[in-house]
Each structure stands twice: as C-alpha cells, then as structure tokens.
**Student:** 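First the structure, then my questions, so here it is.
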Amino acid sequence: MNQRTIKRIGITTGGGDCPGLNAVIRAVVLRAAAAEIEVIGIEDGFGGLLAGTEAGTRVLTLREVAPILDRGGTILGTTNRGNPFAFPGPDGAPVDRSAEVVARAHELGIDAVITVGGDGTQRIAHGLDQLGLPVIGVPKTIDNDLAATLETFGFGTAVQVVVDALDRLRTTAESHDRIMLLEVMGRDAGWIALHSGIAGGADVILLPELPYEPAKVAAALTERIAGGHHFALIVVAEGATIRGEGVTTKAVAGATGGRHAPILGGAAHHAAERIAELLPALEYRVTVLGHIQRGGTPTAYDRLLASRLGVEAVEAALRGEHDVLVASFPPAIRTVPLASAVEQVRKVDPAGQLVAHARGLGIAFGD
Ligand code: F6P
C-alpha cells in the first residue's frame, strides 16, 4: 500500500466516548482531503460495517467536520458492544462476524481503517488487520492507562473536571467542617485521581495501585485536625480497594456492555463508612462524578493532541503502514505495533516520583 493506491480511508470510534474524539475525526478528514483521499465514517464502532448497504457508513465532508473541533462525544457514535468477533446475535449469544466486516470494508473500497479507541477496540482492530483489513489505531481513554503511549487525549479534560469539582467541594467542606469524598473514574489505574488530587489540593488520595487501610486514613485526618484544619478533601478512584478486600461494584439495570462488567461504583461511600466507624464525630459527604468526567468540551491540550494524532494516522496510511498505533511520546508522535496497545495497562508506580511528590505535599494514601 502506498500513497497512490489510497483512495478511501475509513474511520471509526469504539469503546467509551471521550473528549477529543471529534477533533481526531476532523483532523483525519482535513489531512485526507489535502491528499485527495475520501473519508468514510463508520458508525457505532465496527457495527456500522454490519448494518447492511444502506446504513452504518457515510462520507465525511469538510463541511460536516468544520464545527466539531470543540465538541465532546463522537459524531460517529460508539459502543462497548460492537466487537465483530463476538457480535451479539438475535438471541444475545455472541457470533463471529469479523469476516463480514472485512468484506464490507473491501466492498466500500476502503483501503485502510483508522480505529480510535482504547485497548478493547485496538485488540479488535489488530484482529481485523490480521484478516486483511489494514488498520491504524489512534489511542483513546480518559484513564490514560494505555501501555503503548505516554498520554491519551481526554485525560487532561477529565482531570480539569475533577479539579473544578474539588474547588467547589472545598468551599462547602470549609464552611461546614466536613470530610468530602469525591469518587472519580479509574478502574485499574489511578492517574485521574492522582493528577487531580495533586492539582486540586486533596488531603488524601485513594488509588487502585495502593490498597489502603481505613485506620491509616483516619490517622491522617486526625493529624490534620490536630494541625488546626477542620475539613478534608479525599479523592477516591473507583477502583481503589481496602487492603485485603475487592473492588466495589454497583448493580445497574440493563446491559453492562461486556468489557466493563462488572460496573464499578461505591468506592467512596465504602471508604466513608469505614473511616466513619473509626472517627464517628466527623461529618462525611460523598460525591460521585461519574460520566461528567467524560463529557463536554476538550481542553486546548486535548484538542492539540487529538488533532496531531489524527493527522499522523493519515500520514502513517500514506507511508503504507498498518497494524500500528500512533502514539504520543512528547514531543514526538510516532507509530508503534498495534499489538503493544493491547498489552497490560500502564499503572501508577507506587514507588515513583509522582506519588513521592504527592507525599511531599503532605497528601496521604492510607497505605
Ligand atoms: O475506560 C474509561 C471508563 O470511563 C472507566 O474509567 C470507567 O470505569 C468506564 O469507562 C465506564 O464505562 P461505561 O461508560 O461503559 O460505564
């Protein structure tokens, strides 16, 4: 595959949405147009290639993408349930429809597909590339935990949302002398909790990577109160656990989406209950930010990163690369094997500098 043979590129967004997806789509269309390549938008993950001939895909025009740089979500739609290797059949049982996806892409004259997604989406993309559909991955997750790239767009926006929430919670915490717990996203990795906790002035941060002991959190609060403070802010990653216990899950009506089953939730309430058993005289309140972290306008930096990744994905296609991921290693964006994007998640290093700096600020981890 080289520049002369590429006439059409497909683009799809998979997995959870994330601020910056539309900025990638826009960048791909802009760069492709300059190379006289048509871009086909594939809707709802790879599901758009299984929707028959009249639906599921559309040509993305410069006009359509012009106003979407700052728009959250994805104009193509997305799903956690669109895995063509295990597509839900009429009775709900998984059916392998991957060959149909590849055949439909070929039928549409698509020379390569840009797949914007996290580890689950890139695993599927790698599988489709093996079946003969050239694929270029663009990493996406607000959790910032993909091993193959040093940063992902959407993360910075999520951190800003959490910091804004902490700024607001502080005023109530101060006014009422309360312990305010804020639950944030981060199933396996605590990057959002750690970055926002530092930037938002948290007193305690509870991470999946550092199982905590309620007694140690209580001791940190007692010390803070003895130092003359009458309130505290605690950031709790949804995947944080008490040492020796499992994650906290919540039952939600409807499908879980498969990839994220079980749905996490309740970590901050659980922490509040267990700390309150030890310090019952204090007053506790819990806020769960949930999907507010994934919505809305991407920050300037996330728009920049997403735009650069989109352009570089087209450049990679023009170079004839496939089965690769465009990854950010500041200041460079370069390609790495797609298979590396599906390896284990990049976690916070409990012995690393970031955690050490947080401790240097007096932040407790309850470990
Ligand atoms: O992976 C991104 C993420 O936002 C996680 O932090 C969170 O646990 C999960 O997705 C939520 O997924 P869903 O939107 O399917 O509930």
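Everything numeric here is computed off the predicted structure, so don't read it as measured data. Heavy-atom basis, side chains included; hydrogens, waters and symmetry copies ignored. Ligands are counted one by one from 1 in listed order, and the atoms in each one are counted from 1 as well. Residues take their numbers from the sequence shown, with the count starting at 1.
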**Student:** Quick check on contacts: which atoms of ligand 1 are under 4.0 angstrom from a heavy atom of Asn80?
**Tutor:** 15 (O)
**Student:** Is any side-chain heavy atom of Leu181 closer than 4.5 Å to one of His269?
**Tutor:** no
**Student:** With heavy atoms only and a cut-off of under 4.0 Å, state how Ile263 meets ligand 1: side chain, backbone, both or neither.
**Tutor:** neither
**Student:** Provide the number and element of each atom of ligand 1 under 4.0 Å from a heavy atom of Glu238.
**Tutor:** 5 (C), 6 (O), 7 (C), 8 (O)
**Student:** Got Phe365 and Leu194 here, is their nearest side-chain heavy-atom distance under 4.5 Å?
**Tutor:** yes
**Student:** Relative to the heavy atoms of His291, which atoms of ligand 1 are at a distance of less than 4.0 Å?
**Tutor:** 13 (P), 14 (O), 16 (O)
**Student:** In ligand 1, which numbered atoms sit nearer than 4.0 Å to a non-hydrogen atom of Arg187?
**Tutor:** 8 (O)
**Student:** Is the closest heavy atom of Gly186 to ligand 1 under 4.0 Å?
**Tutor:** yes
**Student:** Looking at Arg308 and Glu315, does any basic side-chain N land under 4.0 Å from a carboxylate oxygen?
**Tutor:** no
**Student:** Side chains of Tyr301 and Glu151: any donor to acceptor distance under 3.5 Å?
**Tutor:** yes
**Student:** Are the side chains of Lys7 and Glu38 in contact, using a 4.5 Å heavy-atom criterion?
**Tutor:** no
**Student:** Say whether Arg294, considering both its backbone and side-chain N or O atoms, lies within less than 3.5 Å of an N or O atom on ligand 1.
**Tutor:** yes
**Student:** Provide the closest heavy-atom pair for Gly186 versus Pro208 in the form atom of the first, atom of the second, distance.
**Tutor:** O-CG, 3.7 Å
**Student:** Does ligand 1 have any atom sitting under 4.0 Å from a heavy atom of Gln293?
**Tutor:** no
**Student:** Less than 4.5 Å apart, side chain to side chain, heavy atoms only: is that true for Ile333 and Val311?
**Tutor:** no
**Student:** List ligand 1 atoms under 4.0 Å from Met185, heavy atoms only on the residue side.
**Tutor:** 4 (O), 6 (O)
